[in-house]
Chemist: 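Let me begin by handing over the structure; questions about it come next.
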Amino acid sequence: MSKFLIRRIIFGILTLFLVSIVVFAATQALPGNAARAILGRSATPERVAALTAQLHLNQSVASQYGHWLGGVLSGNLGISAATQQSVAHLIAGRLANSAFLVLVAAIVALPLSIGLGVWMAVKRDRPADHVLSMTTLVLAALPEFVIGIVLVVLLATNVAHVFPAVSLVPPGEHAWDEPSVVVLPAATLVIAVTPYISRIMRASMVEVLESDYVTMARLKGLSNRVVIWRHAVPNAIVPAIQVSALQLAYMAGGVVVIEFVFSYPGMGAQLVDSVANRDVPVVQALTIIIAAVYVILNLLADLATILVTPRLRTAGR
Amino acid sequence: MSATTATAEPFAPAPEPVRRGRAATLARATLGQSRAKVGLVIFVLILVIVIFGPLFAPHSPTEFVAAPNSGSSSHALFGADSLGRDVWSRFLYGGRSILGLALAATIIGVGLGLVIGLSAAYLGGLVDEVLMRIADVFMAFPQIVLALLLVSAFGPKLWLIVLTVGISHAPRVARVIRGAAQQLVERDFVKAAEAVGEPRRRVIFGELLPNVTSPLMVETGLRLTYSIGLIAAISFLGLGIQPPHADWGLMINENRLSLIVQPWGVMLPVIAIALLTISTGLMTDSYARVVIGIDRGE
């Protein structure tokens, strides 16, 4: 198993290295002088010269890449072209806000979807199962921003006014200082990922409930609750754990649009702003961070699958 | 499915009439499910609005007809948008771009993924390894982030957005197709085709392709659903279709700040996008169920 794991980690690092080349190539794609393209036509020659020096644009492409990658690895992410602030300073608070949002969503979504999946499997082919199966299928097809806007209409503006439609956080404060701003963005994420996890959990649970040892446990006279939660769920949860890790990775991308819907002060909304302003140093930093999170969570999904599957754990691959 | 039990396999893939019969059976079984019927009805309804809507639009989508954010009147059925344009007319015009771009992105993504997946499965070895590593790199970005990265480099160009969404689908499709095709490459009908000296291209597209149509159809349905969501999201972020063009995603962006006074500018396109993705999702799910059910007995 450890050999397999080391191989996966090496491939993960290799992938991230190639990802950094793709991200860097985005700057190279800018037509003409990259510094002028980033700063726009109205930029003074001094600012263009300063940015040219900062991005090492007068050196070879390989050396530019080396400088940039060295900076990323040492935590020096460069200077924002739009605000002239250090990128690390600009995005640190936003990263924390996004992490908080994903954490809140995960804490709600994971138990909720496992519970829903179990309930659907227990009530298999009864009306409750049909209604929930259909609901999750419909929700799974909806784009995140559609879910977000429907929540705004229902809970923040037209129908009822319970939560803020815009997640305003005063400068210098964090999202957790104003918990009400997290509710709707987190609810959107929960609605976006719950269908996938609960459907997998249902399918896996249905299979386990038909197995011989569950019948055996029932014949022994164990209560329904013990049979389901002690005997069936621990065996049915393996595929759900893997899908959960994948859905957490998915959230790293999902926050981009959802944060924009609510103007939530996280890295996703920042990414959209920076793309609109063509603030390349910030876009590079954010995309590489999101990709790193995504690759690491996918790695954890593999790891979780191995850990919870005894056959793979002892296979000694 | 294992290679050793495939002795009864015909020398060549099943002849055309049999396959067409299977396709008809699959279609009938898919449409036998009520969720597929609902999906199809909604899809056709939206398609009619998208194709014929502009013919019934009372105004031009860019013409100013009333005061900004004014409500419903005899002049403007669903009121005017934040700039005073007719919401109903913009809605009737606004489906073409989103559906057209989504279809194009789906075709590019599924086509590219199909070629990569089949090639990786058939050629194996180093080619397989290299193709799958490249796929890993592109799968390391959430799809929307890859699109934003390229838009930041090249600007909001439509061909670029279609291409990016397509490219971001390709590795995901390739993985599924590779998985399905790997079970086929050792089977006798492939070996037989090789033995009579068919060129690799013919083996890949003549022998393998006809046998991965089921996962291919499911992927096409899934990717179309996701393409609609992604293309709409990019326009909603203001980084796709640019004003003054009428587009459902862009309409939501333009009118969301006046949601309380004029909800229709947001609600009509939101409902249309939701119904569109739900309909493709329902049809894909019904087909996938039928395919799994039939394949289990084989």
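Please read all numbers here as calculations on a predicted model, not as lab measurements.
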Chemist: Using a distance-only test with no angle check, is there a side-chain donor-acceptor pair under 3.5 angstrom linking A/Arg199 and A/Thr136?
Modeler: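 Their side chains do contain a donor-acceptor pair, which is all the 3.5 Å distance test asks for.
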Chemist: To the nearest 0.5 Å, what is the distance between CG (A/Leu189) and CD (A/Gln247)?
Modeler: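 Taking CG in A/Leu189 and CD in A/Gln247, the distance rounds to 10.5 Å.
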Chemist: Assess whether atom CZ of B/Arg256 is packed by more than 12 heavy atoms of other residues, nucleotides or ligands within 6.0 Å.
Modeler: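 Check passes, neighbour count above 12.
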Chemist: Pick whichever of B/Leu282, B/Ile260, B/Leu237 has the most heavy-atom pairs under 4.5 Å with chain A.
Modeler: B/Leu237
Chemist: Between B/Leu276, B/Leu149, B/Val151, B/Ile134, which has the largest tally of heavy atom pairs under 4.5 Å with chain A?
Modeler: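 Of the options given, most contacts go to B/Leu149.
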Chemist: If I take atom CD1 from residue B/Ile228 and atom OH from residue B/Tyr226, how far apart are they, to the nearest 0.5 angstrom?
Modeler: 12.0 Å
Chemist: Counting heavy-atom pairs closer than 4.5 Å to chain B, which one of A/Ala292, A/Ser274, A/Gly268, A/Ala291 comes out on top?
Modeler: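 Greatest number of close heavy-atom pairs with chain B: A/Ala291.
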Chemist: Given a strict heavy-atom distance threshold of 4.5 Å, which part of A/Val261 is in contact with chain B: side chain, backbone, both, or neither?
Modeler: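 The answer is both parts of A/Val261.
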Chemist: Is it the backbone or the side chain of B/Met267 that comes under 4.5 Å from a heavy atom of chain A, or both, or neither?
Modeler: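 Side chain only.
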Chemist: Tell me, side chain or backbone of A/Phe11 under 4.5 Å from chain B's heavy atoms, or both, or neither?
Modeler: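 Just the side chain, heavy atoms under 4.5 Å.
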Chemist: So which residue, A/Ala141, A/Gly253, A/Pro143, A/Gly12, ends up with the most heavy-atom pairs under 4.5 Å with chain B?
Modeler: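 Among A/Ala141, A/Gly253, A/Pro143, A/Gly12, the one with the most close pairs to chain B is A/Ala141.
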Chemist: Are there over 12 heavy-atom neighbours, none belonging to B/Met132, within less than 6.0 Å of that residue's CE?
Modeler: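 Enclosed.
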Chemist: Which one, A/Ile147, A/Leu286, A/Val295, A/Thr287, leads in non-hydrogen pairs under 4.5 Å with chain B?
Modeler: A/Thr287
Chemist: Pick one of side chain, backbone, both or neither for A/Phe145, based on which atoms fall under 4.5 Å of a heavy atom in chain B.
Modeler: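 Side chain of A/Phe145 only, per the 4.5 Å heavy-atom cut-off to chain B.
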Chemist: Determine whether the aromatic ring centres of residues B/Phe236 and A/Phe260 are separated by less than 6.0 angstrom.
Modeler: yes
Chemist: Give the member of B/Pro156, B/Ala233, B/Gly229 that has the highest number of heavy-atom pairs under 4.5 Å with chain A.
Modeler: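 Max contact count across the listed options: B/Ala233.
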Chemist: Check whether the ring centres of B/Trp264 and B/Phe91 lie less than 6.0 Å apart, and answer yes or no.
Modeler: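 Ring-ring flag for B/Trp264/B/Phe91: false, centres at least 6.0 Å apart.
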Chemist: Check each atom of B/Asp285 against the heavy atoms of chain A and say whether the ones under 4.5 Å are side chain, backbone, both or neither.
Modeler: side chain
Chemist: Chain B heavy atoms under 4.5 Å from A/Leu18: which part of the residue, side chain, backbone, both or neither?
Modeler: both
Chemist: Rounded at 0.5 Å granularity, tell me how far NE2 in B/His169 sits from CG in B/Leu112.
Modeler: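 The NE2 atom of B/His169 sits 11.5 Å away from the CG atom of B/Leu112.
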Chemist: What part of A/Leu142 gets closer than 4.5 Å to chain B, counting heavy atoms only: side chain, backbone, both or neither?
Modeler: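 Contact with chain B: backbone and side chain both.
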Chemist: Quick check for you: to the nearest 0.5 Å, what is the distance between B/Leu239 atom CG and B/Ile144 atom CD1?
Modeler: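 Nearest 0.5 Å value for the CG-CD1 distance: 8.5 Å.
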Chemist: Heavy-atom distances under 4.5 Å only: say whether B/Leu148 touches chain A with side chain, backbone, both or neither.
Modeler: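 Both parts, heavy atoms under 4.5 Å.
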